[in-house]
Amino acid sequence: MAMQEKKTSRRTFLNALWVGVGALSLAEIGFLISRFLKPREQRFAENTADAVIAAGSVDAFDPGSVTAFVRGKFYLARLDNGGFLALSRTCTHLGCTVPWVDDEKRFVCPCHASAFSINGEVLAPPAPRALDLFDIRIENGQVLVDTGKRTKRVGFEAAQAVYPGRA
Ligand code: FES
């Protein structure tokens, strides 16, 4: 008798579990459908607002430093001359995440050993071009990085850096 009750309660539990899983799946499908049906402009506006990241005060970044930002997946590099670059952390070879190696003062890709300088320029192949850039603007002494605006480039040019106090 007790065995029968145990079987019944296990069956009841499994049934409840399946109902729960089914309800979750339906909720997820509903969310995806509502997201799909949302007007494109509205989605774009949300994404654009999310894309601008306040990195911090200009003075918080020493010349010659690289700071990683998890949100937005970029590095903020401050060049020795005070200019700022926001670099994508995605390798331009096959897309691995490229860490900054502070001891070597360069980015080194763990996948196929491409290396990039602090300004994102290729130091060692097989990466075919420099790390992508994100737009930067400096307002009231704060560095703002727009991760929605990415620029692909072959190499580094001085005009790519953004300087405090310059328009
Ligand atoms: S993915 Fe970085 S070197 Fe290949």
Side-chain angles (χ1 to χ4, degrees), residues 24-25 28-29 31-36 38-167:
L24 273 176
S25 300
E28 189 173 347
I29 290 168
F31 170 77
L32 291 174
I33 289 172
S34 74
R35 184 89 182 141
F36 178 75
K38 203 178 223 182
R40 190 168 191 276
E41 299 77 37
Q42 195 176 339
R43 274 187 283 158
F44 179 73
E46 284 173 5
N47 290 341
T48 304
D50 289 347
V52 177
I53 292 170
S57 164
V58 164
D59 299 334
F61 304 99
D62 291 332
S65 69
V66 171
T67 307
F69 285 80
V70 175
R71 186 171 158 240
K73 301 177 181 175
F74 68 91
Y75 292 104
L76 188 65
R78 187 154 199 201
L79 307 180
D80 287 334
N81 66 8
F84 284 95
L85 294 168
L87 304 165
S88 166
R89 67 182 192 183
T90 303
C91 183
T92 54
H93 179 223
L94 293 176
C96 290
T97 296
V98 183
W100 170 251
V101 182
D102 203 48
D103 290 348
E104 299 178 26
K105 295 292 177 200
R106 60 190 193 155
F107 299 94
V108 180
C109 183
C111 293
H112 313 99
S114 284
F116 305 86
S117 67
I118 192 170
N119 60 30
E121 201 155 49
V122 177
L123 297 173
R129 57 184 182 78
L131 296 172
D132 292 350
L133 285 180
F134 295 114
D135 274 16
I136 292 180
R137 62 180 196 274
I138 296 174
E139 289 179 2
N140 303 320
Q142 297 293 312
V143 182
L144 305 174
V145 177
D146 189 345
T147 57
K149 292 184 182 162
R150 174 190 292 258
T151 303
K152 294 183 191 301
R153 61 194 176 135
V154 176
F156 173 70
E157 294 168 23
Q160 294 166 348
V162 175
Y163 294 85
R166 290 193 205 167

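Whatever order the structure lists them in is the order used to number ligands and atoms, beginning at 1. Everything quoted here is computed from the prediction, not taken from an experiment. Heavy-atom basis, side chains included; hydrogens, waters and symmetry copies ignored.
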Side chains of Lys105 and Val66 in contact at under 4.5 Å (non-hydrogen atoms): no

Set of residues satisfying ring pair (Phe, Tyr, Trp, His ring centres under 6.0 Å) with respect to Phe107, sequence neighbours excluded: Tyr75, Trp100

Heteroatom test (N, O or S) for Cys91 near atom 2 (Fe) of ligand 1, limit 2.8 Å: yes

Worked check of disulfide bond (SG atoms under 2.5 Å apart) between Cys91 and Cys109: CA-CA 7 Å; Cys91 183; Cys109 183; 3.8 Å; no

Atom nearest to atom 4 (Fe) of ligand 1 - His93, N, O or S atoms considered: ND1

Atom name, His112 (N, O or S, nearest to atom 4 (Fe) of ligand 1): ND1

Per-atom contacts of ligand 1 with Cys109, taking only distances under 4.0 Å to non-hydrogen atoms: 1 (S), 2 (Fe), 3 (S)

Protein contact to atom 1 (S) of ligand 1 [nearest heavy atom, distance to 0.1 Å]: Leu94 N, 3.3 Å

Interatomic spacing from CZ in Phe116 to CG in Leu131 - rounded to 0.5 Å: 4.5 Å

Under 4.0 Å to a heavy atom of Cys96 - the qualifying atoms of ligand 1, by number: 1 (S)

Shortest protein contact, atom 3 (S) of ligand 1 (heavy atom only): Ser114 OG, 3.2 Å

Minimum-distance pair of heavy atoms, taken over all atoms of Asn119 and Ser117: OD1-OG, 2.5 Å

Plane angle bin for Phe69 and Phe74 - parallel if under 30°, tilted between 30 and 60°, otherwise perpendicular: parallel

